[in-house]
Amino acid sequence: MDTDELMRRLFELYPDGCTVDVREPFFALISTVMSHRTRDDVTYPAAKKLFERFSTPEEMVEANVEDIEELIRDVGFYRVKAGRIKEISRILLEDYNGKVPDDMETLLKLPGVGRKTANCVLAHAFLKEDALAVDTHVHRISNRLGRVVTKNPEETEMELKKLLPQKYWRHVNILLVKFGQNVCRPISPRCGICILNDICPKILL
DNA sequence: AAAACGGGGGC
DNA sequence: GCCCCAGTTTT
């Protein structure tokens with residue numbers, strides 16, 4: 001199967017793309033920071049709840065950190081993340097005119113923002129064609145399919161960029177996270193309902 | 001290179 | 001009740 005057919009099947013499975021409203025840069029940034037080591041179905045409701053109360057860097061800076069902690073209490077590392085949310089908001093206002101930066105180098109300066117988070121913001125909010133965010137789902141599934149054999153996410157990003165046409169790069173994360181959650185799960189994958197069952201070598205299961 | 005952060009959900 | 005999970009920072 002070529003990569004176009006592989007991506008076509010994934011797009012067919014998830015035609016709506018992302019459930020989270022990640023087109024708005026500040027929401028994309030904060031919700032992605034909140035998502036670290038926390039599942040999407042827990043992160044999304046918590047992020048919505050937070051933004052119903054505070055939705056701009058100004059409001060986050062004004063808010064009591066205890067109030068932010070309470071609003072995002074359901075996600076893992078919530079105290080650390082509440083502090084990062086306030087610090088990120090302060091830096092955005094002081095250094096970047098209250099706007100989320102749209103380049104990798106600047107995003108990486110923000111606390112709690114690493115390569116995966118920066119790529120998510122660039123791909124999902126700024127629609128950058130050269131951003132491919134590799135998390136544990138993308139890393140695991142890419143290796144299971146036998147298309148890449150890598151030790152860490154950064155290697156996976158390089159290998160996938162060699163393998164996939166660039167027009168797909170920014171969609172890979174959303175599609176494979178959904179696929180990784182619902183089908184190609186870390187433990188006990190549901191190979192019986194998998195649309196890629198016919199081409200999967202089922203190694204490393 | 002490894003520890004630390006951490007509550008929710010699947011089993 | 002036990003184990004793992006959309007990473008990043010610190011030791």
Side-chain angles (χ1 to χ4, degrees), chain A residues 10 13-14 16-51 65-66 68-89 91 100-101 104-126 128 131-144 150-157 160 169-193 204-205:
Chain A
L10 288 171
L13 195 59
Y14 304 115
D16 296 335
C18 190
T19 54
V20 180
D21 181 15
V22 289
R23 293 288 184 266
E24 203 286 296
F26 189 58
F27 186 86
L29 175 60
I30 298 304
S31 64
T32 307
V33 167
M34 286 174 61
S35 79
H36 297 169
R37 303 295 289 169
T38 302
R39 293 182 7 208
D40 183 52
D41 55 347
V42 174
T43 304
Y44 182 54
K48 291 293 282 186
K49 196 163 88 176
L50 174 64
F51 272 68
V65 70
E66 292 82 6
I68 296 179
E69 287 179 1
E70 190 56 36
L71 287 163
I72 67 171
R73 179 172 283 278
D74 286 351
V75 304
F77 312 114
Y78 70 93
R79 288 192 201 83
V80 174
K81 288 171 182 175
R84 286 175 178 168
I85 289 168
K86 274 193 72 81
E87 180 65 2
I88 287 171
S89 301
I91 294 172
V100 177
M104 172 69 72
E105 187 185 354
T106 313
L107 282 167
L108 289 178
K109 293 178 181 172
L110 301 173
V113 177
R115 191 170 182 82
K116 181 266 176 184
T117 301
N119 269 322
C120 277
V121 172
L122 293 171
H124 303 155
F126 293 116
K128 300 287 187 184
L132 199 171
V134 177
D135 51 47
T136 53
H137 285 302
V138 176
H139 183 59
R140 178 187 68 258
I141 295 168
S142 299
N143 279 276
R144 271 187 184 167
T150 53
K151 292 187 297 296
N152 57 59
E154 205 158 332
E155 264 185 59
T156 301
E157 182 185 334
L160 283 178
W169 291 1
R170 73 182 182 85
H171 301 286
V172 167
N173 182 263
I174 293 293
L175 293 175
L176 288 196
V177 165
K178 285 171 168 290
F179 186 61
Q181 229 176 230
N182 301 328
V183 184
C184 196
R185 302 182 296 195
I187 308 292
S188 53
R190 302 157 88 176
C191 300
I193 64 164
L204 304 178
L205 295 189

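To find a chain, count down the sequence lines: A is the first, B the second, and so on, and within it residues start at 1. Heavy-atom basis, side chains included; hydrogens, waters and symmetry copies ignored.
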Item to check | Atom C1', compared across B:dA1 and C:dA6: separation rounded to whole Å | outcome: 24 Å

Checklist entry - Which value, in whole Å, describes the distance between the P atoms of nucleotides C:dG1 and B:dG6? => result 24 Å

Checklist entry - Who passes salt bridge (charged side-chain N to carboxylate O under 4.0 Å, His left out) against A:E70, sequence neighbours left out? => result A:R73

[X] [atom1] to [N] [atom2]: how many Å, rounded?
X	N	atom1	atom2	answer
A:H36	C:dA6	NE2	P	12 Å
A:E154	C:dT8	CD	P	11 Å
A:K81	B:dA4	NZ	P	18 Å
A:E69	B:dG6	CD	P	9 Å
A:N152	B:dA1	CG	P	10 Å
A:R79	B:dG7	CZ	C1'	10 Å
A:D41	B:dG9	CG	C1'	8 Å
A:F77	C:dC4	CZ	P	14 Å

Within the 4.0 Å heavy-atom criterion, would you say [X] contacts the bases, only the backbone, or no part of the nucleic acid?
X	result
A:T32	nothing
A:T43	nothing
A:V80	sugar-phosphate
A:R37	base
A:P153	nothing
A:V33	nothing

Item to check | Donor-acceptor contact below 3.5 Å, side chain A:R190 vs main chain A:N182 | outcome: yes

Next on the checklist: As a test of your reading of the structure, name each stem of DNA chain B as range with range, where a stem is three or more consecutive Watson-Crick or G-U pairs at under 3.5 Å.
Outcome noted: B:1-5 with C:7-11, B:7-11 with C:1-5

Checklist entry - Do the side-chain N or O atoms of A:T136 get closer than 4.0 angstrom to the phosphate oxygens (OP1, OP2) of C:dA6? => result yes

Checklist entry - Would one find a side-chain N or O of A:R185 under 4.0 angstrom from OP1 or OP2 of B:dC11? => result yes

Checklist outcome for this item: Winner on side-chain proximity to A:H137, out of B:dG8, C:dT8, C:dC5, is C:dC5

Checklist entry - Which of these nucleotides, B:dG8, C:dT8, B:dG6, is closest to any side-chain atom of A:V42? => result B:dG8

Determine whether [X] and [Y] make a side-chain contact, defined as any pair of heavy atoms from C-beta on separated by less than 4.5 Å.
X	Y	result
A:S35	A:Y44	no
A:T38	A:K81	yes
A:I72	A:T43	no

Checklist outcome for this item: The answer to which of A:V113 and A:T38 contacts DNA chain C further toward the 5' end, by nearest nucleotide, is A:T38

Checklist outcome for this item: Assert: residue with more 5' nearest nucleotide on DNA chain C, out of A:C120 and A:G112, is A:C120

Next on the checklist: Quick one, A:N173 with A:N119, criterion side-chain hydrogen bond (donor to acceptor under 3.5 Å, both in side chains). Give me CA distance, side-chain angles, the key distance, then yes/no.
Outcome noted: CA-CA 9 Å; A:N173 182 263; A:N119 269 322; over 6 Å; no

Item to check | Shortest non-hydrogen contact between A:R144 and A:P186, atoms and distance | outcome: NH2-O, 2.8 Å

Item to check | Contact nearer the 5' end of DNA chain B, comparing A:D74 with A:S188 | outcome: A:D74

Checklist entry - What do you reckon, are the aromatic ring centroids of A:Y14 and A:F179 less than 6.0 Å apart? => result no

